[in-house]
Amino acid sequence: MKFGIKAWALLVFAAFSVMLSIWGPEAFAKYQDTKILNTIHTETVEAAGAGYRYRLKANEKLYILSRCLSSQVLPESESNAMTRLDGEEALYQEPEGSYAFVPNYRGPSVGEITDEQIYETCNKTLAVLKENGILPKEIREVEPALYDATLYSAIDVLEPRNNIAVWKMSLSDSRENADKGNRLIDAYIDADDGKIYEFYVRTPLLWEEIDADAVMETWSRYMGLDSPEPYESENPLLETTPYFKKYVFPGMGDERTIVTVGFYEGINELFLKISK
């Protein structure tokens with residue numbers, strides 16, 4: 001009788017095992033589905049397209065922009081047009097070499113200065129430059145009705161990760177007989193931090209009243225650059241004005257960037273520009 005009970009128990013256990021092996025996986029899967037289906041689950045992930053963004057140093061950004069600006073002919077200010085040789089035209093030309101400076105039709109990336117912010121940002125930056133003695137205090141604020149702001153991308157074509165976005169702020173050519181006195185004429189502004197790489201301004205000062213060394217030393221600190229070194233050249237035709245001083249900053253690798261503080265007499269235009 002004892003053996004019969006054991007045999008019966010084994011028979012029941014075997015039957016249960018067979019049923020469990022057939023029905024169990026399906027039942028377990030349905031149970032798992034009830035925990036997932038019709039329920040909202042959240043998970044923290046990186047935004048699409050986000051990830052590591054290569055950050056350029058101040059001297060690298062300056063170098064790339066100088067190369068991109070030098071790779072094409074762009075009208076920069078009225079002063080340049082006045083000093084251009086007869087027969088030369090201020091036309092946009094195709095970029096040359098491995099650097100490109102092109103309009104950014106895509107618009108600002110996340111964290112960059114937007115169309116709505118650029119005028120206020122420019123005025124804040126002008127205020128900083130005036131407080132630090134880089135610009136005369138008489139320079140007036142920019143107004144959306146008088147200025148055009150265009151976003152550009154400066155790109156190292158062979159190394160696309162080496163790129164910066166800059167706003168070009170220009171006094172509009174559409175307003176005839178506009179008062180240019182004490183106004184910003186052109187400027188290139190970093191789309192990330194609003195710092196000004198290059199500017200042309202009408203000023204009440206004369207060249208004799210401008211301390212180019214002090215301007216350059218203060219501007220280099222403002223930009224986060226090392227102290228500049230004087231650039232010596234025997235070429236008297238480096239600029240279309242006799243009033244200028246040039247300086248050298250480290251670029252990328254063994255390359256360099258030249259920064260010029262200059263002055264156009266007659267129209268009293270002070271400029272700071274970058275070049276290769």
Side-chain heavy-atom pair Leu69, Tyr99 within 4.5 angstrom cut-off: no
Interatomic distance, Asp115 atom CG to Leu151 atom CG [nearest 0.5 angstrom]: 7.5 Å
Contacts of Thr125 that satisfy side chain to side chain donor-acceptor pair (under 3.5 Å) - sequence neighbours left out: none
Members besides Leu158 in its Ile/Leu/Val/Met/Phe/Trp/Tyr cluster (side-chain heavy atoms under 4.5 Å): none
Audit row: Asp179, Arg140, side-chain contact (heavy atoms from CB on, under 4.5 Å) steps and yes/no: CA-CA 11 Å; Asp179 179 12; Arg140 294 184 277 183; 3.1 Å; yes
Spacing of OG1 belonging to Thr203 relative to CZ belonging to Phe263, to within rounding of 0.5 Å: 6.5 Å
side-chain hydrogen bond (donor to acceptor under 3.5 Å, both in side chains) contacts in which one or both residues fall within residues 214-227, not counting sequence neighbours: Glu217-Ser227
salt_bridge(Glu198, Lys273) N-O dist < 4.0 Å: no
Leu129 vs Ile139, side-chain contact (heavy atoms from CB on, under 4.5 Å): CA-CA, chis, key distance, verdict: CA-CA 10 Å; Leu129 296 185; Ile139 300 301; over 6 Å; no
Shortest non-hydrogen contact from Cys68 toward Ser71: O-OG, 2.7 Å
Heavy-atom side-chain contact between Met252 and Asn162 under 4.5 Å: yes
Criterion side-chain contact (heavy atoms from CB on, under 4.5 Å) on Leu135 and Phe199, from CA distance to verdict: CA-CA 10 Å; Leu135 292 178; Phe199 61 76; 3.5 Å; yes
Minimum heavy-atom distance between Leu65 and Ala154, given as atom pair plus value: CD1-CB, 4.0 Å
Note, Met216 side chain near Leu272 side chain (heavy atom, < 4.5 Å): yes
Glu229 atom CD: more than 12 heavy-atom contacts under 6.0 Å: no
Nearest-0.5 Å distance that lies between atom CE in Met169 and atom SG in Cys122: 4.5 Å
Listed once per pair and sorted, the side-chain hydrogen bond (donor to acceptor under 3.5 Å, both in side chains) pairs that draw on residues 254-263, sequence neighbours left out: Arg67-Glu255, Lys246-Thr260
Partner set under salt bridge (Lys or Arg N to Asp or Glu O under 4.0 Å) for Lys124, not counting sequence neighbours: Glu120
Least distance between heavy atoms, Val215 atom then Gly133 atom: CG2-O, 4.3 Å
N/O donor-acceptor pair under 3.5 Å between Asn163 side chain and Pro160 backbone: yes
Nearest-0.5 Å distance, CD1 of residue Ile118 to CD1 of residue Ile113: 5.0 Å
Residue list, salt bridge (Lys or Arg N to Asp or Glu O under 4.0 Å) with Asp190, at least two apart or on another chain: Lys61
Residues forming a side chain to side chain contact (heavy atoms under 4.5 Å, CB included) with Glu143, sequence neighbours excluded: Leu146, Arg183
Distance-only donor-acceptor pairs under 3.5 Å for side chains of residues 205-212, two or more places apart:
residue, atom, partner, partner atom, Å
Glu209, OE1, Leu206, N, 2.8
Asp211, OD1, Asp213, N, 3.3
Asp211, OD1, Ala214, N, 3.2

Ile274 CD1 to Tyr63 OH distance, which is reported to the nearest 0.5 Å: 12.0 Å
Any Ile185 side-chain heavy atom under 4.5 Å of Glu269 side chain: yes
Backbone of Ile189 reached by a side-chain donor or acceptor of Lys195 within 3.5 Å: no
Step-by-step ring pair (Phe, Tyr, Trp, His ring centres under 6.0 Å) determination, Tyr188 to Tyr197: CA-CA 6 Å; Tyr188 288 105; Tyr197 291 102; 8.6 Å; no
Chi angles and distances behind the side-chain contact (heavy atoms from CB on, under 4.5 Å) call for Leu56, Arg161: CA-CA 9 Å; Leu56 294 166; Arg161 70 172 186 170; over 6 Å; no
4.5 Å side-chain heavy-atom contact, Thr241 and Phe271: yes
Residues clustered with Val248, ILVMFWY side-chain links under 4.5 angstrom: Tyr231, Leu238, Phe244, Ile258
Side chain to side chain donor-acceptor pair (under 3.5 Å) involving Glu159 - partner list, sequence neighbours excluded: none
Closest approach of Pro228 to Phe249 (non-hydrogen atoms, all atoms of both residues): CB-CZ, 3.3 Å
Main-chain N/O of Tyr264 paired with Asn268 side-chain donor or acceptor, under 3.5 Å: no
Heavy-atom side-chain proximity of Leu126 to Ile196 below 4.5 angstrom: yes
N/O donor-acceptor pair under 3.5 Å between Asn104 side chain and Ala165 backbone: no
Pairwise side-chain contact, Thr150 with Tyr152, heavy-atom cut-off 4.5 Å (strictly under): yes
Results of side chain to side chain donor-acceptor pair (under 3.5 Å) for Thr114 - residues two or more places apart only: Glu116, Gln117
Contact check, side chains of Asp173 and Asp148, non-hydrogen atoms, under 4.5 Å: no
Rounded distance (nearest 0.5 Å) linking atom CG of Asp193 with atom CD of Glu112: 10.5 Å
Partner set under salt bridge (Lys or Arg N to Asp or Glu O under 4.0 Å) for Glu265, not counting sequence neighbours: none
N/O donor-acceptor pair under 3.5 Å between Tyr147 side chain and Leu184 backbone: yes
